[in-house]
Amino acid sequence: MNKAIIVIGLALLYVVAVCAVELMGFYHPFFWTYCAVFASITAAWPYFKLCQRYPVPGIAILCAILLLIVNFLLGQGHEYYAAGCLLCGTVAEILRKQFGNYRDAKGVIASYAVMSLIPFSKSIALWIDYETAMNLIISDMGDIYAAVMGRMLSRYMFMSMFALTIVLAVAIMWLLTRHWYPRDRYEIDVD
């Protein structure tokens with residue numbers, strides 16, 4: 001029971017770290033469009049602690065599902081975001097399993113690089129269905145917000161922010177895993 005509370009608490013801390021950056025999008029469209037860059041920095045520590053203390057299956061899926069639920073409760077979720085959460089959470093779990101059976105730092109680094117891409121699934125609608133997404137943004141945030149956002153939507157900007165997110169996620173998680181000491185009392189046999 002105590003272990004479950006700690007796992008849920010750390011997972012919620014991960015969700016809060018991501019959502020705090022997403023909510024900054026109300027102040028400037030850059031934070032809404034490219035929040036994955038900043039969320040990869042703020043959410044690294046809770047994800048690292050979860051994977052370090054509890055090397056069991058399901059941590060990435062738990063974080064992705066909680067993130068999806070909170071975004072739907074805040075009115076920010078849609079089908080692209082749901083698909084992104086489920087896809088990234090599943091791929092992250094597969095990577096954690098492949099690299100050291102949930103116990104190795106390489107698996108955490110690889111899985112976090114994938115998990116850091118979840119916020120892009122919120123803004124991917126801007127590149128897939130531009131007209132509908134911009135009409136929703138204009139109705140929610142106004143013409144000026146949409147005009148500023150429209151200037152940030154080049155393919156080069158998207159690719160550079162995508163690459164920067166992955167590089168930051170890998171670098172930060174690599175720094176955190178330099179002190180990777182799985183604790184014996186938390187070790188659980190997952191074979």
Side-chain angles (χ1 to χ4, degrees), residues 7-8 10-47 50-51 58-96 110-142 145-146 148-155 157-170 172-173:
V7 168
I8 296 295
L10 283 170
L12 286 175
L13 188 60
Y14 169 83
V15 170
V16 166
V18 173
C19 287
V21 175
E22 289 177 350
L23 291 175
M24 288 173 56
F26 286 112
Y27 299 107
H28 196 278
F30 184 81
F31 290 109
W32 189 89
T33 310
Y34 300 113
C35 68
V37 176
F38 303 102
S40 69
I41 297 168
T42 60
W45 185 84
Y47 189 79
L50 267 170
C51 294
I59 296 297
I61 289 284
L62 172 69
C63 290
I65 289 174
L66 286 175
L67 196 56
L68 179 62
I69 290 169
V70 168
N71 272 279
F72 270 104
L73 290 175
L74 292 173
Q76 298 293 313
H78 50 72
E79 63 273 3
Y80 296 119
Y81 196 71
C85 283
L86 297 176
L87 178 67
C88 289
T90 304
V91 171
E93 281 300 323
I94 291 169
L95 289 174
R96 285 184 63 225
S111 70
Y112 186 66
V114 173
M115 290 292 287
S116 68
L117 298 176
I118 288 176
F120 273 116
S121 58
K122 183 180 283 189
S123 58
I124 200 74
L126 292 167
W127 285 274
I128 294 173
D129 190 7
Y130 179 80
E131 293 297 323
T132 305
M134 286 307 276
N135 287 337
L136 286 171
I137 289 167
I138 290 170
S139 67
D140 287 345
M141 302 301 286
Y145 190 94
V148 172
M149 182 177 280
R151 286 187 232 127
M152 295 184 297
L153 296 178
S154 73
R155 284 189 168 81
M157 184 72 158
F158 177 76
M159 289 186 291
S160 62
M161 290 296 126
F162 195 85
L164 181 61
T165 300
I166 293 173
V167 168
L168 279 174
V170 168
I172 290 170
M173 196 54 70

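Since the model is a prediction, treat every value here as computed from it, not as a measurement.
- Rounding to the nearest 0.5 angstrom, the gap separating the CG atom in Leu68 from the SG atom in Cys88 is 11.5 Å.
- The minimum heavy-atom distance linking Ala64 with Met115 is given by the pair N-CE, 4.0 Å.
- Note on residues 22-44: pairs passing salt bridge (Lys or Arg N to Asp or Glu O under 4.0 Å), not counting sequence neighbours, are Glu22-Lys122.
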Before you tell me yes or no, could you show the steps for Cys63 and Val15 under side chain to side chain contact (heavy atoms under 4.5 Å, CB included), namely the whole-Å CA-CA distance, both residues' side-chain angles and the distance that decides it to 0.1 Å?
CA-CA 7 Å; Cys63 290; Val15 170; 5.6 Å; no
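- For the residue pair Tyr47 / Ser111, a side-chain donor-acceptor distance below 3.5 Å is found, with atom types taken as modelled.
- When all heavy atoms are compared, the tightest approach of Ala113 to Ala169 is CA-CB, 4.0 Å.
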Run the side chain to side chain contact (heavy atoms under 4.5 Å, CB included) check on Val18 and Thr42 step by step: do they pass?
CA-CA 7 Å; Val18 173; Thr42 60; 5.6 Å; no
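- Atom CD1 in Ile69 sits 7.5 Å away from atom CG in Leu73 (nearest 0.5 Å).
- Between atom CG of residue Leu67 and atom CD1 of residue Ile118 there is a gap of 5.5 Å, rounded to the nearest 0.5 Å.
- Rounded to the nearest 0.5 Å, atoms OG1 (Thr90) and CG (Leu95) are 11.0 Å apart.
- Under the side chain to side chain donor-acceptor pair (under 3.5 Å) criterion, Ser40 pairs with no residue, sequence neighbours left out.
- Looking at every heavy atom in both residues, Pro46 comes nearest to Ala43 through CD-O, 3.4 Å.
- Classified by interplanar angle (parallel below 30°, tilted 30° to 60°, perpendicular above 60°), the ring pair Phe120/Phe162 is tilted.
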Applying side chain to side chain contact (heavy atoms under 4.5 Å, CB included), run through Tyr112 and Ile172 and close with a yes or a no.
CA-CA 10 Å; Tyr112 186 66; Ile172 290 170; 5.7 Å; no
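- Side chains of Leu13 and Trp45 form a contact here, defined as non-hydrogen atoms less than 4.5 Å apart.
- To the nearest 0.5 Å, atoms CD1 (Ile61) and CD1 (Ile94) are separated by 8.5 Å.
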What do the steps show when you test Met24 against Cys35 for side chain to side chain contact (heavy atoms under 4.5 Å, CB included), and what is the final call?
CA-CA 8 Å; Met24 288 173 56; Cys35 68; over 6 Å; no
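- Taking the six-membered ring for Trp, Phe72 and Tyr81 have ring centres at least 6.0 Å apart.
- Atoms CG and CG, on Leu117 and Leu87 in that order, are 10.0 Å from each other to the nearest 0.5 Å.
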